[in-house]
Structures are given as structure tokens and as C-alpha cells.
Amino acid sequence: MHAVDTDARPQAVGSDVYAPFPLTTGPGVWGLVRTEVRTAGTTVVVHHRTGPRPVLLLHGVAGSWTTWTPLLRAADGVGDRGLVLVDLPGWGASGAPRVPLTVDGATEVLTAVLDALGLGAVDVVGHSMGAFVAMHLALRQPERVRSVSLVSGTTWAATQASRHPVRGVLTLPAFALLRAGLAVTRGVALPVLRGLARVGLLRMLAAPVFTHVGRLDRSVLDAFVAELRPREFLAAARTAASYDLRRWGAVTCPVVAVAGRDDVFARLSDLDRLRALLPAARTVLLDDCGHFAHVEHPDAVARAIGLA
């Protein structure tokens with residue numbers, strides 16, 4: 001995967017610039033150290049640093065800890081705060097679990113990570129699937145979660161498309177068709193995707209989830225293909241299909257949700273339903289933005305969730 005690996009912290013730019021930063025694979029610029037945490041299911045790779053008011057960052061499907069580096073750049077490395085960036089089991093450099101990961105399993109993994117690092121309460125920021133997991137963590141372990149920020153979260157529309165795949169082709173076609181394609185191809189999906197990328201079709205593959213795929217740095221595109229894991233994607237969809245989102249009404253910590261107007265894995269009504277369930281939740285809608293808000297408009301996301 002091509003990515004920028006540098007120890008020089010770049011200057012943040014205005015939010016009117018689309019996708020201003022590449023992904024960075026070098027943790028040294030953020031003062032992060034790499035730790036492997038053994039959990040019940042597998043070994044999890046964590047990049048972290050100590051500091052006050054730690055922030056736990058949870059990637060989504062087609063992501064890993066590096067997906068958050070544009071947001072770190074926009075937020076000046078989140079100042080002196082502690083950081084915890086987890087590669088969830090089956091993603092990034094973490095080992096695949098023996099059985100497909102569930103949302104309860106993800107919560108257990110994160111609790112083990114926080115325990116291993118000696119951390120109590122954290123502010124949790126989750127993208128896509130990571131947003132789903134963040135809300136479940138706040139539900140199951142309220143004493144460990146000070147606040148939750150959902151970035152391009154997959155919530156009601158994605159859950160319904162997972163539960164009713166045929167109907168999902170009409171209501172959330174990009175999500176439903178991707179799920180169907182991965183279910184059919186499974187083990188050969190990733191080699192096929194990488195083959196298409198080699199013949200110059202990488203931007204076409206990523207186009208549905210980014211508003212301006214032509215403006216993306218190659219590092220973002222390469223990571224998207226490399227981290228699109230069929231087994232884990234399908235497991236996440238199955239978990240969503242069986243989950244009752246009304247449970248989130250019991251979440252008591254502050255919640256903010258940031259979404260892109262062009263997100264093909266969500267609907268604008270998802271923000272309305274979140275506010276109906278949690279009236280105190282704050283929602284932010286970004287124009288000119290798809291499913292990776294923290295990559296497409298990292299400055300705006302950093303401000304919206306209080307990291308800038």
C-alpha cells in the first residue's frame with residue numbers, strides 16, 4: 001500500500017479543501033507506540049500514547065488505524081490528549097478472530113484493550129461500523145465512555161438493508177449490492193479488486209463512497225481496497241441485521257453525529273431517527289461529502305466533534 005510515512009507534522013488547511021491529506025502509516029509523527037494486546041479471540045494491534053482525556057478511535061469497514069490520520073493532521077494531533085487507535089480483529093494488522101466478530105465481541109475486545117493500557121473512561125470516535133460499535137460500547141460499558149462521536153455512521157438505513165437485502169437494493173443500493181457481491185465472490189473478492197486496481201480501475205471501484213474520488217490521494221484509494229475484507233464485512237452486516245437500534249435510547253453520555261450529504265451507506269433520515277431516540281444528540285450534516293467524512297473533510301469533522 002502506498003502511503004506517506006513522515007515524521008514532519010504538516011499544517012492543517014481549511015475545510016473548504018476536499019480530502020487535503022494522504023493517509024500516513026508512520027505512527028512516530030503522532031507520538032504513538034505499537035502494542036499487541038492478546039484478547040480472548042485473537043491478538044489486536046493498538047497504536048497509542050498516554051495523555052489526559054484519552055480519545056479512542058474506531059475505524060469502519062475498509063479501514064484501519066491509518067484511516068484516522070487525516071483527522072489527526074486536521075486536529076493538530078489532538079493536542080496533548082491521549083490517543084488509542086485500534087485495528088479491530090480481522091482488520092488492519094490485527095489477527096482474524098476464530099469466529100466472525102460480533103458487536104458484543106468487539107465490545108469485549110475494546111474493554112480488554114482499555115484494561116491492558118490501564119485506561120478508565122475515554123471519548124470514543126467511530127466511523128461507519130466503528131460508530132455502531134462505539135454506541136454499543138457506551139450501552140454496555142457506560143462507565144468507560146465519556147462521549148460518543150459518530151462519523152459517517154452506519155445506523156438505521158444500513159441495518160434495514162442488512163435485514164431485508166432485496167428491499168435494500170432500492171433503499172440503499174450501494175451497500176446492498178456491495179454486500180451481495182462480496183457474498184457471492186467471498187474468498188476471490190480481494191484478489192479481483194486488487195487486479196482491477198492494477199489495471200487502472202481503482203478510482204472507479206472507490207467512486208460510490210467518495211464524493212470526489214478523482215481528488216483523493218492514492219494512499220486513500222490503496223487503503224480502501226486493501227482493507228475491504230469480505231469475511232469481516234459480511235459478519236458486520238449480519239450483526240447489524242439482528243440488532244435492535246432502539247437499545248441506544250439507554251445511552252446516557254453526550255452523542256454527536258457527523259454525516260455527509262452524499263453518503264451512499266446512510267440516509268439523511270438516520271440523523272432524524274437518532275435525534276428522535278436521543279433528543280440531546282447533536283447532528284451535523286456536511287455538504288460535498290460521502291461516506292468517509294474524516295478523510296473528505298477532516299477539518300470540519302474535527303471542529304464538529306470538539307477536537308479542533
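Computed from a predicted model, the values in this text were never measured in an experiment.
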Quick one: are [X] and [Y] in side-chain contact, heavy atoms under 4.5 Å?
X	Y	answer
Leu307	Leu71	yes
Val301	Leu286	yes
Pro20	Pro70	no
Val213	Leu221	yes
Leu57	Val124	no
Leu72	Phe21	no

Quick one: does any side-chain atom of [X] pair with a main-chain N or O of [Y] as donor and acceptor, under 3.5 Å?
X	Y	value
Ser269	Asp272	no
Thr43	Thr39	no
Arg49	Gly31	no
Glu227	Gly92	yes
Arg73	Thr24	no

Rounded distance (nearest 0.5 Å) linking atom [atom1] of [X] with atom [atom2] of [Y]:
X	Y	atom1	atom2	result
Leu88	Trp65	CG	CH2	15.0 Å
Ser242	Arg163	OG	CZ	8.0 Å
Leu245	Trp156	CG	CH2	5.0 Å
Asp222	Leu216	CG	CG	11.0 Å
Arg238	Ser162	CZ	OG	10.5 Å
Glu296	His294	CD	NE2	9.5 Å

Output field: ring centroids His291/Phe210 closer than 6.0 Å: no
Check step by step if side-chain contact (heavy atoms from CB on, under 4.5 Å) holds for Val125 and Leu56. CA-CA 6 Å; Val125 182; Leu56 172 63; over 6 Å; no
As a quick check of understanding, evaluate side chain to side chain donor-acceptor pair (under 3.5 Å) for Thr283 and Arg275, giving each step before the final call. CA-CA 8 Å; Thr283 59; Arg275 287 193 303 270; 2.5 Å; yes
Starting from the C-alpha separation in whole Å, work towards a yes-or-no answer on side-chain contact (heavy atoms from CB on, under 4.5 Å) for Val86 and Val84. CA-CA 6 Å; Val86 180; Val84 182; 3.9 Å; yes
Side chains of [X] and [Y]: is there a donor and an acceptor less than 3.5 Å apart?
X	Y	answer
His127	Thr67	no
His212	Asp288	yes
Arg261	Thr211	no

Applying a strict under-4.5 Å side-chain criterion to I, L, V, M, F, W and Y, I'd like to know whether Tyr18 and Val264 cluster together. yes
Could you state whether Val45 and Trp91 fall into the same hydrophobic cluster, counting links through intermediate Ile, Leu, Val, Met, Phe, Trp or Tyr residues with side-chain heavy atoms under 4.5 angstrom apart? no
I'd like a table of donor-acceptor pairs (distance under 3.5 Å, sequence neighbours excluded) in which one partner is a side-chain atom from residues 131-140, with atom names and distances.
from   : atom 1 : to     : atom 2 : distance (Å)
His136 : ND1    : Tyr243 : OH     : 2.7
His136 : NE2    : Asp104 : OD1    : 2.7
Arg140 : NH1    : Asp104 : OD1    : 2.5

Steps toward side-chain contact (heavy atoms from CB on, under 4.5 Å) verdict (His48, Leu85): CA-CA 6 Å; His48 62 98; Leu85 296 92; over 6 Å; no
Arg34 vs Val46, test: side-chain contact (heavy atoms from CB on, under 4.5 Å). Steps then yes/no. CA-CA 6 Å; Arg34 186 183 190 274; Val46 185; over 6 Å; no
Can I get a per-line list of side-chain donor-acceptor pairs under 3.5 Å for residues 144-151, giving both atom names and the distance, sequence neighbours left out?
from   : atom 1 : to     : atom 2 : distance (Å)
Arg144 : NE     : Gly120 : O      : 3.2
Arg144 : NH1    : Asp115 : OD1    : 3.0
Arg144 : NH2    : Asp115 : OD1    : 3.0
Arg144 : NH2    : Leu119 : O      : 2.7
Arg146 : NE     : Asp123 : OD2    : 3.3
Arg146 : NH1    : Ala121 : O      : 2.8
Arg146 : NH2    : Pro54  : O      : 3.1
Arg146 : NH2    : Asp123 : OD2    : 3.0
Ser147 : OG     : Asp123 : OD1    : 2.6

Starting from Leu101, walk the hydrophobic network (Ile, Leu, Val, Met, Phe, Trp, Tyr; side-chain heavy atoms closer than 4.5 Å) and list everyone else you reach, by chain and number.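 Joined to Leu101, directly or through intermediates: none.
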Over 60° means perpendicular and under 30° means parallel, so classify the ring planes of Phe224 and Phe292, tilted if in between. perpendicular
Any Lys/Arg nitrogen of Asp270 or Arg267 sitting under 4.0 Å from an Asp/Glu carboxylate oxygen of the other? no
